[in-house]
Amino acid sequence: MSSAHKNLSVFNTEGLPDISAKKFVIVVAEWNDEVTGALYEGAHKTLLEYGAKPENIRRVNVPGSFELSFGSQVYAQKPDVDAVIAIGCVIQGETKHNDYINHAVAHGLTDVALKYNKPVIFGVLTPNTLQQALDRAGGIHGNKGDEAAMTAIKMLGLQ
Ligand code: RBF
């Protein structure tokens with residue numbers, strides 16, 4: 001299914017692992033906070049819905065999406081953190097830097113996950129317009145924060 005038509009809040013939930021003792025950090029970029037706040041809410045709600053304990057979910061803010069890699073690394077390296085979810089929104093048109101930021105974050109988060117052998121999830125929207133972002137932050141296409149949380153849960157099941 002192409003991403004344009006996928007509902008980000010609908011997923012296959014067969015065989016999910018028990019996450020009642022798992023500890024999560026959600027790192028949230030403050031740029032486009034109307035969007036990233038909604039993505040965070042979706043991720044938080046989904047973790048709780050599938051068994052995470054409120055006291056095991058921590059929110060940490062960073063200034064922008066470019067800082068998500070370092071912010072994620074700070075928490076991924078902690079022994080008591082099981083998974084990190086990085087939340088951001090980089091809107092094309094608002095910046096010529098968007099490609100650089102998106103690529104840097106994708107590579108950075110991948111490096112952190114592989115270095116610390118833990119799920120580090122790319123919960124970053126890269127839309128052309130603010131409306132496209134809102135459509136994926138609890139709008140008509142669901143919420144990418146829900147999808148990011150579900151991805152973290154599924155990846156924990158691999159361990
Ligand atoms: N950060 C975002 O999370 N989303 C953006 O859309 C975004 N646009 C930016 C546009 C420009 C021109 C610049 C310089 C930065 C932008 N940033 C954005 C911030 C970036 O992720 C980072 O916080 C700063 O560059 C400081 O390292």
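In each ligand, atom 1 is the first atom listed, and ligand 1 is the first ligand listed. Counting begins at 1 with the first residue of the sequence.
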(request) Say whether Ala29, considering both its backbone and side-chain N or O atoms, lies within less than 3.5 Å of an N or O atom on ligand 1. (result) no
(request) Verify whether one side chain among Asp146 and Thr46 offers a donor that lies under 3.5 Å from an acceptor in the other. (result) yes
(request) Report, in ascending order of atom number, the atoms of ligand 1 lying under 4.0 Å from any heavy atom of Ile91. (result) 6 (O)
(message) Show me which atoms of ligand 1 lie under 4.0 Å from any heavy atom of Asn32.
(response) 4 (N), 5 (C), 6 (O)
(message) Can you pull out every ring pair (Phe, Tyr, Trp, His ring centres under 6.0 Å) where at least one residue sits in residues 62-91? Sequence neighbours excluded, please.
(response) none
(message) On a heavy-atom basis, I'd like to know which of Trp31, Phe70, Phe66 is closest to atom 15 (C) of ligand 1.
(response) Trp31
(request) Name all pairs fulfilling the salt bridge (Lys or Arg N to Asp or Glu O under 4.0 Å) condition that reach into residues 59-78, sequence neighbours left out, sorted by first residue then second. (result) none
(message) With a cutoff of 4.0 Å, is Gly88 in contact with ligand 1, counting heavy atoms of the residue only?
(response) no
(message) Between Asp135 and Gln131, is there a side-chain donor-acceptor contact under 3.5 Å, judged purely by atom types and distance?
(response) yes
(request) For Cys89, counting its heavy atoms only, list the atoms of ligand 1 lying under 4.0 Å from any of them. (result) 2 (C), 3 (O), 4 (N), 5 (C), 6 (O)
(request) Taking only Lys NZ, Arg NE, NH1 and NH2, and the carboxylate oxygens of Asp or Glu, determine whether Lys118 and Asp82 approach each other closer than 4.0 Å. (result) no
